[in-house]
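These numbers come from a predicted model, not from an experiment.
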Amino acid sequence: MLRVFKRIALGLVALIVVVAIALAVWEPLVAEEGKAPPVRSYDVEIVRDDFGVPHIFGKTDPDVAYGVAFAHAEDDFATLQEVAAMTRMRSGAMTGADGAKVDFAAHLLDIRGTVDRKYAQLPADIRALLDAYAAGLNHYADKHPDEVRLTGLFPLNGQDIAAGFALRSPFFFGLDSVLGALVEGNDLPIEGGPQLTGKEVARVTPIGPEPDMNGSNAFAVAPARSTDNVTRLISNSHQPWRGGVAWYELVVHSEEGWDFAGATFPGSPYPFLGHNKTLGWTNTVNRPDLIDVYKLELNDDKTQYKLDGKWRDLEARQVWLKVKVGPFTLPYPQTVYRSAHGPVILNAKGAFAIRYAGIDDLKMLEQYFRINKARNFDEWKAAMSIQGVPATNFIYADAAGNIAMAYNALFPARKPGADWRGVLPGNRSELIWQGHLPWDKVPLLVNPASGYIMNANNTPYVAAGPGDELEPEAFSPLMGIESDMTNRARQAIKLFEAAGQIDAATLERIKYDVGYDKSDYATGWIAALLAVKPEGDERITQAQALLRAWDWQMDGKGKGDALALMLMRPAMRQSYRRLPLPDARDELTAAIEHLTKHFQSLDPRLGTVLRLRQGTIDLPMDGGSDTLRAATLWDVDEKDGRFAVRHGDSFIQFVEWTADGAVSSRSIQPFGAATTRPDSPHYADQAKLFVEHKTKPVYFTRQQLMPHAKRRYRP
């Protein structure tokens with residue numbers, strides 16, 4: 001009998017071992033094998049300057065795209081692989097449960113289906129760029145197999161690169177907020193745009209990833225407003241400092257006329273913002289109503305939905321999510337649904353379909369490249385009229401002295417008569433819009449009399465000086481254009497109006513301003529904090545005294561900055577969500593507890609608390625949430641209580657065109673060119689300049705670059 005039990009036990013152990021091995025190795029075996037792009041040779045040279053920024057020189061545009069991929073992989077191959085895994089819906093197999101959520105979204109939105117349907121419609125030159133970029137990543141993976149994080153991830157091809165665009169684009173205008181609320185069965189967030197009925201209903205808001213803190217600044221100044229007849233553009237995006245939407249700086253040149261200095265995201269063959277010889281632009285997130293949710297009427301077994309009085313089959317498809325847990329990858333089945341409206345989510349409240357701007361479209365891949373190569377304002381507007389980018393403001397300037405702001409969005413062509421701010425009935429096909437408004441309906445401000453344009457994620461109606469406002473009545477309420485103002489916008493207008501004629505130093509001071517305007521939510525919030533009754537807690541009395549004496553500046557010079565830093569962020573979060581201010585006593589008490597525990601003071605220096613940290617680099621920061629010098633999100637160190645900034649001012653670029661049309665620019669990043677390579681000299685070599693409000697030169701031409709070339713090579 002003992003032998004029998006022993007054999008059974010050994011059999012169970014063997015079975016467990018077999019299962020464990022299977023769980024460790026099965027995922028790459030069942031993953032769809034990647035197909036490499038057509039084989040061709042690429043003629044490209046990469047030159048690294050003294051800050052490690054890659055300057056890519058190619059004979060053709062695809063040569064340059066190949067070099068962009070290889071150079072970026074040298075600096076951040078880990079993140080590029082995470083983006084690649086998302087396009088193959090294998091993110092969960094690489095990064096675990098969080099990645100599996102991204103994979104679910106990719107399945108739900110049918111991203112690969114979009115690529116299958118639309119990729120061949122892209123112009124041949126765009127497909128050649130995407131294939132070249134994929135080939136550059138494949139080449140790096142072949143040369144560095146020890147760095148490959150997921151078996152079978154390579155080779156990639158142009159379709160994989162396109163899938164990355166299709167997947168990420170809608171999340172820049174808030175699709176994550178909608179999906180999250182529906183999956184969890186929560187109320188939908190509040191939606192922007194003018195109210196269309198008198199009813200108060202659950203509504204949707206497109207405010208992007210980390211929606212409560214999303215933001216950017218942008219400024220353009222015309223020659224007439226400048227002291228020296230110079231046209232100026234400041235790009236001041238607020239993005240995460242690490243990960244798949246962290247900026248990567250580069251300069252590109254091809255013999256086919258592609259010359260551009262700017263920054264891109266992992267997974268893109270071209271810059272998304274910056275400048276060429278004659279023009280430039282930058283972006284800020286806008287928040288129009290670009291997402292509609294429909295409640296479906298299902299039959300009893302939930303296999304059909306009613307549309308125009310007839311039952312139609314609800315598409316259902318089982319998918320397998322792969323979730324990495326330790327050394328194992330676990331299969332997790334899910335079902336994704338789709339109706340004529342778009343993706344469908346079933347929860348305890350019913351079945352809800354989603355339709356969003358840019359659904360089932362890849363035209364953004366063409367638009368971005370065409371504006372890279374535009375040579376004047378007319379060509380740039382023609383490229384913008386392609387209307388592929390679903391949402392984001394474009395702030396523009398050029399060598400001819402033009403400045404402009406386009407409140408770019410693919411506004412759904414909605415029909416009047418429905419409450420587009422609420423959950424729509426899903427049984428009426430006329431509510432399933434099929435297109436978007438044309439480019440000439442997009443709000444556009446060109447060469448305002450004030451001589452400057454600014455945007456800080458505020459309403460497009462206020463983008464320049466008093467008297468230059470766009471008229472809200474000129475735009476349909478069905479477009480859902482937001483009316484919000486931010487502290488940054490109010491502060492920028494105030495500073496521009498007080499400045500008079502503007503030189504480079506004045507514009508730089510505006511950009512790095514750390515003040516709060518005493519209006520809107522900020523004033524109400526401070527008043528609420530000062531109204532908290534101490535109820536015998538002397539610390540509350542002391543904190544309120546600091547707030548009364550606070551100078552409304554996050555410069556680290558006055559008293560109370562660290563306390564105000566902690567208290568302004570939750571107020572900003574609620575303001576961005578269009579919700580009431582948080583509980584003043586709770587937030588005040590939490591800030592007091594944290595400062596007392598970790599700093600034994602309610603008034604430590606701001607720079608002691610707020611830090612830039614990367615490896616061994618640990619530097620003091622200034623700025624705060626919703627200040628023009630943005631330090632928006634941070635991680636709290638559990639040991640020392642300090643705040644390591646991870647989101648805020650990121651890639652910053654100052655561009656100038658002189659009266660004779662000559663272009664020059666300066667830039668800075670929080671860390672360096674190689675943010676995931678601790679052994680690289682460029683892991684954090686820009687950090688000290690960044691915290692000191694300093695920049696480095698951009699060597700735009702080969703002549704400017706070569707005295708600063710530290711490495712030249714061909715991949």
Side-chain angles (χ1 to χ4, degrees), residues 61 64 122-123 125-126 129 169 216 218-223 230-237 251-254 256-264 268-286 358 363-411 436-448 451-455 460 463-464 470 653-658 661-665 698 700:
D61 295 340
V64 171
L122 290 172
D125 64 329
I126 303 302
L129 280 179
S169 289
S216 294
F219 311 95
V221 179
V230 169
T231 306
R232 292 185 167 89
L233 176 70
I234 295 183
S235 179
N236 182 204
S237 177
V251 183
V252 297
H253 301 281
S254 88
E256 294 182 321
W258 184 16
D259 297 286
F260 205 90
T264 190
S268 169
Y270 35 61
F272 286 133
L273 49 75
H275 71 89
N276 59 27
K277 294 177 182 177
T278 54
L279 61 84
W281 73 88
T282 186
N283 301 113
T284 64
V285 171
N286 54 8
K363 287 191 296 184
M364 79 285 286
L365 289 155
E366 180 183 6
Q367 181 181 337
Y368 272 122
F369 186 59
R370 299 291 183 243
I371 57 177
N372 262 247
K373 296 190 74 172
R375 294 166 297 181
N376 55 51
F377 193 28
D378 287 340
E379 290 185 5
W380 187 85
K381 287 187 292 184
M384 290 293 292
S385 70
I386 292 171
Q387 289 191 286
V389 180
T392 191
N393 295 312
F394 281 78
I395 291 76
Y396 170 95
D398 65 26
N402 296 302
I403 61 173
M405 189 196 81
Y407 183 83
N408 173 75
L410 299 182
F411 298 104
H436 52 77
L437 300 185
W439 167 251
D440 62 10
K441 298 296 184 182
V442 171
L444 181 67
L445 179 65
V446 180
N447 295 329
Y452 70 86
I453 283 175
M454 72 87 220
N455 186 269
L470 296 174
Q653 187 178 50
F654 296 80
V655 190
E656 296 183 351
W657 286 274
T658 60
V663 66
S664 62
S665 59
V698 173
F700 184 57

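When the salt bridge (Lys or Arg N to Asp or Glu O under 4.0 Å) test is applied to D61, the partners found at least two apart in sequence or on another chain are K373. Residues passing the side-chain hydrogen bond (donor to acceptor under 3.5 Å, both in side chains) test with T658 are D660, sequence neighbours excluded. With sequence neighbours excluded, the residues forming a side-chain contact (heavy atoms from CB on, under 4.5 Å) with N283 are L273, W281, T392, F394, listed by chain and number. Taking the salt bridge (Lys or Arg N to Asp or Glu O under 4.0 Å) definition, one finds that E256 meets it with nothing, sequence neighbours left out.
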Before giving the answer on salt bridge (charged side-chain N to carboxylate O under 4.0 Å, His left out), spell out for R375 and D259 the whole-Å C-alpha distance, their side-chain angles and the decisive distance to 0.1 Å.
CA-CA 10 Å; R375 294 166 297 181; D259 297 286; over 6 Å; no
Side-chain donor-acceptor distances from residues 440-448 under 3.5 Å, at least two apart:
residue, atom, partner, partner atom, Å
N447, OD1, I403, N, 2.9
N447, ND2, N402, OD1, 3.1

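You'll find the side chain of V252 reaches within 4.5 Å of the side chain of W258, heavy atoms only. Put simply, the side chain of R370 reaches to within 4.5 Å of the side chain of I386, judged on heavy atoms. The side-chain heavy atoms of I395 and F219, taken from C-beta on, include no pair separated by under 4.5 Å. Looking only at side-chain heavy atoms (C-beta outward), H275 and L233 stay at 4.5 Å or farther from each other.
Screening V663, V230, V221 for a side chain to side chain contact (heavy atoms under 4.5 Å, CB included) with E656, the sole residue that qualifies is V230.
Among residues at least two apart or in separate chains, salt bridge (charged side-chain N to carboxylate O under 4.0 Å, His left out) pairs with a member in residues 381-398 are D378-K381.
Remark: K277 NZ is loosely packed, at most 12 non-hydrogen atoms of other residues, nucleotides or ligands lying under 6.0 Å away.
Aromatic pair Y368/F272: centroids less than 6.0 angstrom apart.
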